[in-house]
Amino acid sequence: MLSLLNFIAFLAVTGYALYLAAHVIYSRIMFIQLGKKSNLRKDTAVRLNEFLVQVFGQPKLFKDAKSGIMHFILFYGFIILQFGAVELILKGLIKGFEYPIGEFHPYYSVLQEVTTLLVLLAALYAFYRRYIERLTRLKRGFKAGLVILFLTILMFSVLMSLAFEQLWLGNTGSPHAPISSIIAGWFAGVSPAAAGVWFYVFWWIHLLTLLAFAVYVPQSKHAHIIFAPVNVYLRDTKPAGKLTSIHFEDETQETYGVGKIEEFRQNQLMDLYACVECGRCTQMCPAAGTGKTLSPMDVITKMRNHLTEKGAAITSRTAWMPGFVFKDTGADTLLKKAETTNLVGEVITEEELWACTTCRNCEDQCPVANEHVEMIIDMRRHLVLTEGRMPSEAVRYFQNVERQSNPWGISRTERILWREGREDIVVPTVKEVDEFEYLFFVGSMGSYDQRTQKVAQSFAKIMNAAGIPFAILGNEEHNSGDTARRMGNEFLFQQLCEKNIANFKKYGVKKIVTICPHTYNTFKHEYPEFGLEAEVYHHTELIWTWMEEGRIKPSQRVNEAVAYHDSCYLGRYNGMYEIPRKILQSISGVKLLEMERNRQDSMCCGAGGGMMWMEETQGTRVNLARTEQALRMSPTAIGSSCPYCMTMMSDGVKAKEAEERVATLDISEIVERALA
């Protein structure tokens, strides 16, 4: 009779818990489906490879080795222990049950117990990291600690159940059950009947905790257990950071960008429930690190909470289960609140949106493949294109680019003047030569900024020395539109894009080289959608190629200790880390210095996403923080491969009053000095 009652209670409790869990999971799926269709590429092989590497290899988690090891044990431990959980449940329904795997069961038993102990230790270490070591990137509080409590109880109850089962069945200690045998030895005086009672006490503790965990997980930050693997597999396989275009010819569109949570694509909404709240993104964010209100993690979690609230109202589904515990306020109240809460301006403030430098450090750190930057730009698009709200500096930038195709509003007829004053270089326009191999797209910085003009001249000198036939568009060149796009003005970007591509086709351009990583990135990955058919190179790529081919021979000694700064758009956007370093290391006298944050972890200079043209009104200036990191290496020069980076680092050096002892140099300038 007791066995029957136990079985009935098991079915009732388990059935109810599984219903609650299924309701919550299905509700979240319905909320995600409120978004627009994703239209993802059918790159099955790419997705499967990414899934296997990121989900089962977890390389991003190992950027923090301690957390990586802990999470690795928890991840694989839980996979292994699922088999043990089923067996333990069956033990409570069938006395003495064991999987019928014969001689392999003792080894299976050892694996289960050792894994249980390791997971228990990992859970205790997680508590230590969060509440004693108090890592700044981790949140503390009841919700954050609840899962650690669940894990601890689950592992403890497994070992106690197995220990009392031994006493109940009259089994002696076994080396194949090493941990439970030790525990059983502590209670050797307990009678079999009492041991049976204690077995069921811990069995029910384990079962109820397991079911509570199953109900809690999908409505907590640990929903990533369910959604993160799917998010990794369904991530957009387009080039890193490539933005989705707005189709302005679609006359059915009444608004542009994202002003409501359901205007995001479904794969973007999946990001919200995949978030681990590990804080890695915010820890590496240059805005968050210098006192701005922006926290990439908070952006995700605030939008997740907003989606859950609004989704519950729209679908009339209870967002939290069991409903009677959370005392749902009712669909009408939720809907009214959700409809009157603006995504842009209330859920996510304008200060947060305009603080982003689009460096993608958040995305590079994220272990679940979240893409924060495009969501931020989508909301900027709403502000700029739909509401016409933006900082005054952005208004001025757009007006200058629209009128004169450069950020300063200088006459477009002066775009070609940068080539004057250097009689030792030959820089023809496309109209002045019959043929050319490369179009040198100088860009607005190279054409108008006095400091960057010297970089353009140095690169021209290198091309002359290498015997490379090239030409420039001169006054026919337009701004690339990259910054306008990332500031939210998609319409202006597409106008500039079409004008540039028309010129490229007019002059039969097959190869393009630029000194600007931002231009390089947008030409290489975004212009092809609008018709560009040309090979695109960053100037460091070609310099290294010509050095390898022997076209240029930097034989002169250059005595500089160079702290090299990685450009975000060259590095994290395009994976180009080694070429600039190889160039520097091949020049006699140059000592390469690596800052603490380098390569993938390099900190942004603060210029991306339009911040080059806007004032920072909160916290410390990003370029100052990055300059300080460079100066700690005691360099004689700070090296870069980007006009924006060089400008920001130059300003930082001046602000730190270090310009007399530390120069700021582009790679091409160092190479030019090394030429015979």
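By convention here, the first residue in the shown sequence is residue 1.
- A side-chain N or O of Y537 and one of E535 form a donor-acceptor pair less than 3.5 Å apart.
- When only modelled atom types and interatomic distance are considered, N231 and N370 share a side-chain donor-acceptor pair under 3.5 Å.
- You'll find the ring centres of Y573 and Y520 outside the 6.0 Å limit.
- Side-chain atoms of Y527 come within 3.5 Å of backbone N or O of S480 as a donor-acceptor pair.
- Surrounding CD of E533 are at most 12 heavy atoms belonging to other residues, nucleotides or ligands under 6.0 Å away.
- Side-chain contact annotation: Q494 with E498, donor-acceptor N/O pair under 3.5 Å absent.
- At least one donor-acceptor pair under 3.5 Å links the side chain of E363 to the backbone N or O of H372.
- Screening K242, R486, R265 against E374 for a salt bridge (Lys or Arg N to Asp or Glu O under 4.0 Å) leaves a single residue, R265.
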Could you check Y256 against H382 for ring pair (Phe, Tyr, Trp, His ring centres under 6.0 Å), going step by step and ending with a plain yes or no?
-> CA-CA 6 Å; Y256 299 103; H382 175 78; over 10 Å; no
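- Ring planes of F440 and F459: perpendicular class, angle over 60° (limits at 30 and 60°).
- The environment of NZ in K454 is sparse: at most 12 heavy-atom neighbours from other residues, nucleotides or ligands sit within 6.0 Å.
- R419 has its side chain within reach of T429: a pair of non-hydrogen atoms, C-beta onward, lies under 4.5 Å apart.
- In this structure, a donor-acceptor pair under 3.5 Å is present between the side chains of R415 and S444.
- With no hydrogens or angles considered, no side-chain donor-acceptor pair links R485 and T358 at under 3.5 Å.
- Residue F493 forms a side-chain contact (heavy atoms from CB on, under 4.5 Å) with just one option from T483, D482, T522, and that option is T522.
- No donor-acceptor contact under 3.5 angstrom links the side chains of R41 and T237, judged on distance only.
- For the residue pair S405/N479, the side-chain donor-acceptor check at 3.5 Å is not satisfied.
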After noting the C-alpha distance and the side-chain angles of C356 and R380, does the key distance pass the side-chain contact (heavy atoms from CB on, under 4.5 Å) rule?
-> CA-CA 10 Å; C356 179; R380 283 186 180 181; 3.8 Å; yes
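- Residues E628 and K656 meet the side-chain proximity criterion, which asks for heavy atoms closer than 4.5 Å.
- Using modelled atom types, one finds a donor on one side chain and an acceptor on the other under 3.5 Å when comparing D666 with S668.
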